Participant: 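Quick one: this structure, given as structure tokens, is what I'll be asking you about.
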Amino acid sequence: MGIKVHNSLTRRKEEFIPIEAGRVRMYVCGPTVYDLSHIGHARSAIAFDVIYRYLRYRGYSVTYARNYTDVDDKIIDRARKEGATTEEVSERYIKAYDEDMEALGVRLPTHRPRATETIPEMIEAIKGLIEKGYAYVVDGDVYYSVRRFREYGKLSGKNTEELEAGARVEVDERKEDPLDFALWKKGKPEEPWWPSPWGRGRPGWHIECSAMCIKYLGETIDIHGGGKDLIFPHHENEIAQSEALTGKPFARYWLHNGFVNIEKEKMSKSLGNILTIRDALMLHTPESIRLFVLSSHYRSPVEYSHTTLKEAEAKAERFYRTMLRIKNMFPRALEGSPPEDRLAERLKPFMAAMDDDFNTALTIGLMFEEVSRANRLLDSAPTGRPEEVEEELTTIAGLFKELSGILGVFERWPEAYFNDLKSHAPIPAEEITALIKEREEARRRRDYARADAIRDELREKGIVLEDTPEGTRWFVK
RNA sequence: GGCGGCGUACCCAAGUGGCUAAGGGGGCAGUCUGCAAAACUGCUAUUCAGCGGUUCGAAUCCGCUCGCCGCCUCCA
């Protein structure tokens with residue numbers, strides 16, 4: 001009973017067996033840093049962040065590399081338009097990406113290589129491919145000869161004849177075959193360049209990932225990930241280059257995440273429906289964005305909309321309200337920890353869900369069954385047996401602690417969560433507490449008309465009041 | 001045209017051969033409350049796009065039809 005993963009290479013769910021017992025090497029294609037990252041980048045990063053967290057949780061020593069593509073046509077274009085250098089552009093957007101990831105609670109990978117720091121390795125790889133007859137030089141450019149690699153198309157399920165027939169491949173007279181792709185591009189005077197045996201130039205996109213992957217993780221890795229759109233041609237080309245070069249399988253398991261759609265359509269510059277992570281973070285908490293992403297399977301497409309994000313927020317609210325109840329009624333349940341064997345037993349269904357191709361949606365669903373259970377226990381507390389209730393709540397809290405760490409959600413103290421919302425209240429907190437005080441006096445006088453008027457007034461501003469035996473509390477809706 | 005995926009309630013969504021089709025949101029009713037809110041309880045899919053087939057048994061496997069989406073060009 002181990003972890004199963006859906007492998008894009010075989011299109012099947014397979015048992016996950018790393019090359020080296022207890023150790024996992026994973027590589028995920030990171031951003032090309034020419035602009036702010038969008039919510040789709042966030043999904044990919046969060047999905048693989050959870051995979052990374054879970055593998056570590058399951059006791060693997062994980063070496064995880066995620067690159068920055070910091071040399072590319074789009075970066076050059078952007079720099080030219082701004083009158084800036086490509087370094088300035090890439091530096092700015094690497095920083096922005098790092099900030100976005102931190103805001104989203106995405107843990108730092110072990111290695112975060114930049115393409116420009118791996119140029120010597122790329123040149124070596126290209127030299128190797130030329131020597132082995134898989135690449136050829138044409139006037140300062142180097143191309144990979146796709147047809148020499150017999151297995152080309154094994155990941156994307158395409159065959160070279162059909163690709164050729166597709167005719168959407170740009171025709172470049174200098175290529176021996178339209179399917180061939182650039183390993184090294186001859187530099188134009190105003191573009192960044194590095195010296196090479198073929199003259200000044202810069203690397204092609206695909207060779208970057210192969211070189212960085214091999215440099216940091218080795219010739220065969222366990223997991224290679226990225227968005228579904230990278231399957232072809234990027235990952236197909238990575239396989240062709242790497243396997244031709246080393247003669248070894250490049251990656252054992254290929255994992256691909258689905259898209260984030262907006263209004264049923266893929267985000268794209270041409271449609272003008274790009275939602276940046278920054279914009280999303282102005283509208284929603286990082287936690288609700290993570291919950292939104294993790295509430296469906298990482299391979300399915302998800303629809304970003306006001307409704308779906310509101311539902312994610314409602315989940316967070318329900319969870320933290322329950323935690324707040326536990327903290328107020330049985331604070332020791334949150335301070336203590338349950339016996340290990342009991343915890344392990346109760347974690348089983350959750351582990352089974354995560355083992356099944358990282359089914360975070362099911363895991364979250366199961367967590368909410370525990371939330372309901374906790375609330376029932378809390379309701380029963382006044383008439384039930386407090387010791388038993390506390391014991392069970394301690395177990396549930398213990399479960400939540402483990403799962404929160406894996407998913408990267410529900411990790412805060414409930415007060416912190418609600419105070420954060422309160423800090424974004426549309427009216428000052430002092431004003432609200434003053435109104436609450438006035439309302440309490442009205443209630444004491446049994447002037448319910450006045451009390452209700454105050455409550456309604458606050459409600460219109462998004463402030464919800466809750467009368468409890470300990471007094472009136474307020475929440476931001 | 002080639003390749004791949006999806007279609008589960010009002011919405012989101014898990015489930016891919018067999019206990020009552022998870023969970024969240026929404027709605028309705030009840031308990032609680034001065035009234036609310038929150039929480040809890042019950043109801044909201046006798047059925048999984050449609051039609052056939054395989055099977056003792058299918059949402060799950062196979063075939064066809066309809067609808068939606070992605071890749072085939074840079075793309076998470």
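Values in this document were obtained by computation on a predicted structure and should not be read as measured data.
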Participant: Would you kindly give the CG-to-P distance between Asn237(A) and rC72(B), to the nearest whole Å?
Facilitator: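 Value for this atom pair: 12 Å.
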Participant: Between Tyr34(A) and Tyr93(A) (judged by ring centroids, cut-off 6.0 Å), do the two rings come close enough to count as a pair?
Facilitator: no
Participant: Are the aromatic ring centres of His224(A) and Tyr253(A) under 6.0 angstrom apart?
Facilitator: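 No, ring centres 6.0 Å or more apart.
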Participant: Return a table of donor-acceptor pairs under 3.5 angstrom between the side chains of residues 470-477 of chain A and protein atoms on other chains or two or more places apart.
Facilitator:
unit_1: Thr472(A); atom_1: OG1; unit_2: Glu440(A); atom_2: OE2; d: 3.3
unit_1: Thr472(A); atom_1: OG1; unit_2: Asp467(A); atom_2: OD1; d: 2.8

Participant: Measuring from atom CZ of Arg80(A) to atom OG1 of Thr86(A), what distance do you get when rounded to the nearest 0.5 angstrom?
Facilitator: 10.5 Å
Participant: Looking at the side chain of Arg11(A), which of rC74(B), rC71(B), rG4(B) is the nearest nucleotide?
Facilitator: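 Minimum distance to the Arg11(A) side chain belongs to rG4(B).
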Participant: Please give the distance between the C1' atoms of rG23(B) and rU33(B) as a whole number of Å.
Facilitator: 29 Å
Participant: Taking atom P of rC69(B) as reference, at what distance in whole Å does atom CG of Asp229(A) sit?
Facilitator: 18 Å
Participant: Using the P atoms only, state how far rU47(B) lies from rA38(B), rounded to an integer number of Å.
Facilitator: 33 Å
Participant: Taking the six-membered ring for Trp, are His111(A) and Tyr216(A) parallel (under 30°), tilted (30 to 60°) or perpendicular (over 60°)?
Facilitator: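 His111(A) vs Tyr216(A) ring planes: tilted.
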Participant: Taking only the P atom of each, what is the distance from rU16(B) to rU54(B) in whole angstrom?
Facilitator: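 Their P atoms lie roughly 25 Å apart.
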Participant: Among the candidates rA36(B), rA76(B), rC71(B), find the nucleotide nearest to the side-chain atoms of Arg455(A).
Facilitator: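 Of all the options, the side chain of Arg455(A) is nearest to rA36(B).
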Participant: I'd like the C1' distance from rU55(B) over to rC40(B), given in whole Å.
Facilitator: 43 Å
Participant: In B/S/- notation, 5' to 3', how is nucleotides 12-22 of chain B contacted by protein heavy atoms closer than 4.0 Å?
Facilitator: SSSS------B
Participant: Under 6.0 Å from the six-membered ring centre of Phe232(A) and within 45° of its axis: does the NZ or CZ of Lys158(A) meet both?
Facilitator: yes
Participant: How about His256(A) and His235(A): are their ring centres within less than 6.0 Å of each other?
Facilitator: yes
Participant: With rounding to whole Å, what would you report as the distance between rC68(B) and rC62(B) at their C1' atoms?
Facilitator: 23 Å
Participant: For nucleotides rG67(B) and rA22(B), find the distance between their C1' atoms and express it as a whole number of Å.
Facilitator: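 Per the computed distance, 27 Å lies between those C1' atoms.
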Participant: Could a donor-acceptor pair under 3.5 angstrom be found where the side chain of Asn261(A) meets the base of rC69(B)?
Facilitator: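 Side chain to base: no pair present.
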Participant: Would you please name every residue forming a side chain to side chain contact (heavy atoms under 4.5 Å, CB included) with Ala115(A), sequence neighbours left out?
Facilitator: Asp70(A), Val71(A), Met122(A), Glu208(A), Met212(A)
Participant: Using side chain to side chain contact (heavy atoms under 4.5 Å, CB included) as the criterion, list what pairs up with Glu311(A), not counting sequence neighbours.
Facilitator: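 Listed in chain order: Thr307(A).
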Participant: Considering every strand and a 4.0 Å limit on heavy-atom distances, what is the contact class for Lys310(A): base, sugar-phosphate, or nothing?
Facilitator: nothing
Participant: Between Phe410(A) and Phe368(A), what is the ring plane arrangement, given parallel below 30°, perpendicular above 60°, and tilted in between?
Facilitator: perpendicular
Participant: So what's the dot-bracket for RNA chain B: Watson-Crick or G-U pairs under 3.5 Å, [ ] if a pair crosses, | if it pairs off-strand?
Facilitator: ((((((((.[[[..)..(....]]]((((((.......))))))....[[[[[..)....]]]]])))))))....
Participant: With rounding to the nearest 0.5 angstrom, report the CG to CZ distance, Asp49(A) to Arg107(A).
Facilitator: 7.0 Å
Participant: I'd like to compare against my own output: the B/S/- annotation of nucleotides 38-45 of chain B with a strict under-4.0 Å heavy-atom distance to protein.
Facilitator: SSSS----
Participant: Check every strand shown and say whether Lys158(A) touches a base, only sugar-phosphate, or nothing at a heavy-atom separation below 4.0 Å.
Facilitator: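 Result for Lys158(A) = base.
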Participant: rC6(B) and rG50(B): how far apart are their C1' atoms, nearest whole angstrom?
Facilitator: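 It comes out at 16 Å once rounded to the nearest Å.
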Participant: Answer with yes or no after comparing the ring centroid distance for Phe181(A) and His206(A) against a 6.0 Å cut-off, counting only values under it.
Facilitator: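 Yes, close enough.
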Participant: In whole Å, what separates the C1' atom of rA29(B) from that of rA21(B)?
Facilitator: 24 Å
Participant: Quick test of the criterion, 5.5 Å between centres and less than 30° between planes. Is Phe259(A) stacked on rA76(B) or not?
Facilitator: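 Check failed, Phe259(A) does not stack on base of rA76(B).
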